[in-house]
Engineer: 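Structure incoming, see below.
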Amino acid sequence: MQITRSGSETQIGPSDWFTGTVYIDPVAAPSDGSRLAAALVHFAPGARTAWHTHPHGQTIFVTEGVGLCQREGGHVEVIRPGDRVFFEPGESHWHGATADRLMTHLAMHQCDAEGNAVAWGRQVSDAEYGAANGA
Ligand code: MN
């Protein structure tokens with residue numbers, strides 16, 4: 001058993017991978033016996049990930065606010081607290097807050113053999129995001 005006390009600094013989502021203000025707190029870190037990684041992620045209104053994929057897929061569970069998610073070629077979906085979304089391995093997608101509401105989700109995903117849990121692509125453009133918000 002290992003207890004990790006609250007106290008590590010909240011990370012800021014890097015601007016290469018996120019648009020807007022995103023706060024990330026680690027929840028689970030991979031170890032010798034487990035490839036599970038998890039994080040609690042807060043998106044400010046308007047904030048979202050870049051397009052990306054996960055080698056073993058990802059589950060997000062919304063805990064606060066109102067969010068959006070989209071897989072490449074699919075419709076934008078509104079997601080709310082209690083909703084969970086599974087993104088298939090290798091499925092290009094993004095997730096984030098709506099333009100006028102924050103969104104918090106728990107993100108859970110497995111690392112591959114090289115320790116990577118995500119492969120990043122291009123940013124979600126303002127035009128794509130505006131369309132997602134019904135603009
Ligand atoms: Mn994802």
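Start at 1 and go down the list; that is how both ligands and their atoms are numbered.
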Engineer: side-chain hydrogen bond (donor to acceptor under 3.5 Å, both in side chains), that's the test. Do H109 and H56 meet it? Break it down for me.
Structural biologist: CA-CA 7 Å; H109 37 257; H56 293 289; over 6 Å; no
Engineer: Do you know how many protein N, O or S atoms are within a distance smaller than 2.8 Å of the Mn ion (ligand 1)?
Structural biologist: 5
Engineer: Checking the side chain of D112 only, and the main-chain atoms of E114 only, is there a donor and an acceptor separated by less than 3.5 Å?
Structural biologist: yes
Engineer: With no hydrogens and no angle check, is any side-chain donor or acceptor of H54 less than 3.5 Å from a backbone partner on A117?
Structural biologist: yes
Engineer: Only one of E88, H52, M108 passes side-chain contact (heavy atoms from CB on, under 4.5 Å) with Q58; say which it is.
Structural biologist: H52
Engineer: Using modelled atom types only, decide if a donor and an acceptor are shared between the side chain of N133 and the backbone of G130 within a distance under 3.5 Å.
Structural biologist: no
Engineer: So which pairs with a foot in residues 120-132 pass side-chain hydrogen bond (donor to acceptor under 3.5 Å, both in side chains), sequence neighbours left out?
Structural biologist: T19-Q123, R48-D126, W51-E128, R122-E128, S125-E128
